[in-house]
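Working notes, structure below.
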Amino acid sequence: TTNGRALVLRDIRVSYGRSVRALRGVDLEVPASGVVALLGANGAGKSTLLRAVSGTLPLHSGAIDSGTITFGGETLRGSDPSVPVRRGIVQVPEGRRVFADMSIDENLRAGELGVRGRSKRATAQAKERVFDLFPRLADRRAQAAGLLSGGEQQMLAMGRALMADPELLLLDEPSLGLAPQMVERIADIIAIINQQGVGVLLVEQNAALALELADHAYVLDVGRVRLQGASSDLAASDEVRRLYLGEI
Ligand code: ATP
């Protein structure tokens, strides 16, 4: 699926209304097919950054004030969420947001809505790939999504995103609220998806998990990059161990 495009953010500033400056000049890069983690306390601006990239900031309050976002060198900045999807960037929102009353099959079909001119064959292949990754979903495809467990809903949300055949996935807190075993399962799946060539920008409260999955990580603090580096270096830093890994 990938021919190697990097996501690059330069000096991105985002505000909500007049007074909340959520991102205060952020530079960040996700190399083609790389896994990058975004860490930081509640309110640091992690979700805001993902939403700025995917064009899903709240319409009337959130806005990108300045800066550039490019994907493969092409400008990608605006409020129309269909543009990133067509270029291969798909977000899995915090809290999964599956359509509870719709079946698993229908939820997956919704993941294709932003994709243009797709053949039946391509749809069938995309679905097959999702069901290979998540056999549990295949077994229950006619069931309402609202009946799935939290972990299964996370799988469905990721499957729905994969239906658009993304080159870069934006994952917002995939492990939130899941039992440890399910967290491991989701982590394995993220690694497999990446091995298939899909890049990942991962927002996670579970810093240990994020640093294990990612090659490179950024720590956001009140809208600014406080630290960044190779995951192994960050995992060894006193500051990260104390503030985010609960050690020392
Ligand atoms: P969390 O883990 O709590 O989601 P986060 O790092 O993702 O934290 P954001 O959700 O991006 O942080 O929030 C960054 C800042 O922007 C916070 O001060 C938050 O209160 C504010 N904010 C987020 N969404 C809105 C909104 N829709 N309207 C106004 N302010 C907002």
Side-chain angles (χ1 to χ4, degrees), residues 7-30 35-69 76-81 84 89-98 150-151 153-154 157-158 161 168-178 182-183 186-187 190 199-214 216-229 231 234-235 237 239-240 242-246:
L7 176 76
V8 179
L9 278 67
R10 288 284 173 252
D11 199 25
I12 283 293
R13 293 162 200 270
V14 174
S15 57
Y16 294 103
R18 288 204 184 149
S19 52
V20 181
R21 294 192 294 138
L23 295 180
R24 306 174 178 211
V26 170
D27 293 310
L28 176 142
E29 205 164 321
V30 183
V35 182
V36 170
L38 200 51
L39 311 178
N42 286 335
K46 306 179 298 294
S47 297
T48 298
L49 190 147
L50 292 193
R51 298 179 81 178
V53 173
S54 62
T56 57
L57 287 166
L59 261 186
H60 299 291
S61 59
I64 299 177
D65 300 322
S66 65
T68 59
I69 302 177
L76 183 100
R77 198 192 117 179
S79 53
D80 181 353
I89 301 180
V90 180
Q91 181 164 4
V92 180
E94 184 173 350
R96 351 279 190 219
R97 309 264 183 94
V98 299
Q153 290 190 16
Q154 181 61 38
M158 289 167 65
L168 174 65
L169 269 185
L170 311 175
L171 298 178
D172 199 346
E173 304 274 8
S175 81
L176 196 70
L178 303 184
M182 188 55 87
V183 171
I186 296 289
I190 293 170
V200 177
L201 177 53
L202 172 67
V203 165
E204 251 308 329
Q205 287 288 331
N206 184 338
L209 175 78
L211 292 173
E212 184 187 309
L213 281 168
H216 197 94
Y218 292 75
V219 177
L220 278 188
D221 184 29
V222 212
R224 286 197 177 91
V225 175
R226 181 184 175 108
L227 290 170
Q228 64 149 315
S231 296
L234 285 190
S237 95
E239 187 173 356
V240 170
R242 184 163 40 88
L243 293 176
Y244 303 102
L245 296 172

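Everything numeric here is computed off the predicted structure, so don't read it as measured data. Note that ligands are numbered from 1 as they come in the structure, with each ligand's atoms numbered from 1 the same way. Only heavy atoms go into these numbers, but all of them, side chains included; no hydrogens, no water, no symmetry mates.
- Within the structure, ligand 1 lacks G223 among the residues with a heavy atom less than 4.0 angstrom away.
- Of all protein heavy atoms, the one lying nearest to atom 13 (O) of ligand 1 is T48 OG1, 3.8 Å.
- Although no hydrogens or angles enter the test, the distance criterion places a donor-acceptor pair under 3.5 Å between the side chain of K46 and the main chain of A41.
- By the 4.0 Å heavy-atom criterion, R51 is excluded from the residues contacting ligand 1.
- When hydrogens are left out, the protein atom nearest atom 2 (O) of ligand 1 is N42 OD1, 3.2 Å; that is the closest non-hydrogen contact.
- Of all atoms in ligand 1, numbered sequentially from 1 with element shown, those under 4.0 Å from a heavy atom of E94 are 4 (O).
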Derivation of the side chain to side chain contact (heavy atoms under 4.5 Å, CB included) call for L227 and L39:
CA-CA 10 Å; L227 290 170; L39 311 178; over 6 Å; no
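- Ranking protein heavy atoms by distance to atom 31 (C) of ligand 1, first place goes to Y16 CD1, 3.3 Å.
- Between A161 and L169, the shortest heavy-atom distance links the atoms CB-CD2, 3.7 Å.
- R51 places a side-chain N or O within donor-acceptor distance of the main-chain N or O of T56, the cut-off being under 3.5 Å.
- Ligand 1 has no nitrogen or oxygen under 3.5 angstrom from a nitrogen or oxygen of V20.
- Nearest non-hydrogen protein atom to atom 12 (O) of ligand 1 is G45 N, 3.2 Å.
- For R21, the CZ atom is loosely surrounded, since the number of other residues' heavy atoms within 6.0 Å does not exceed 12.
- Other residues, nucleotides and ligands place no more than 12 heavy atoms under 6.0 Å from the CZ atom of R97.
- Between M158 and I186 there is a side-chain heavy-atom pair separated by less than 4.5 Å.
- Less than 4.0 angstrom separates some heavy atom of A41 from each of these atoms of ligand 1: 6 (O).
- Within a 4.0 Å radius of atom 20 (O) of ligand 1, the protein contributes no heavy atom.
- The protein non-hydrogen atom at the shortest distance from atom 10 (O) of ligand 1 is S47 CB, 3.8 Å.
- The structure places CD of Q205 at 5.0 Å from CG of N42, a figure rounded to the nearest 0.5 Å.
- A donor-acceptor pair is defined here as one N or O able to donate and one able to accept, closer than 3.5 Å; such a pair exists between the side chain of E204 and the backbone of S175.
- Short contacts between ligand 1 and Q205, defined as distances under 4.0 Å to a heavy atom of the residue, involve ligand atoms 2 (O).
- Considering only non-hydrogen protein atoms, atom 27 (N) of ligand 1 sits nearest to P58 CG, 3.6 Å.
- Of the protein's non-hydrogen atoms, G43 N, 2.8 Å is the one closest to atom 8 (O) of ligand 1.
- Side-chain atoms of Y218 come within 3.5 Å of backbone N or O of E29 as a donor-acceptor pair.
- Atoms of ligand 1 found under 4.0 Å from any heavy atom of A44 (numbered from 1 in listed order, with element): 5 (P), 6 (O), 12 (O).
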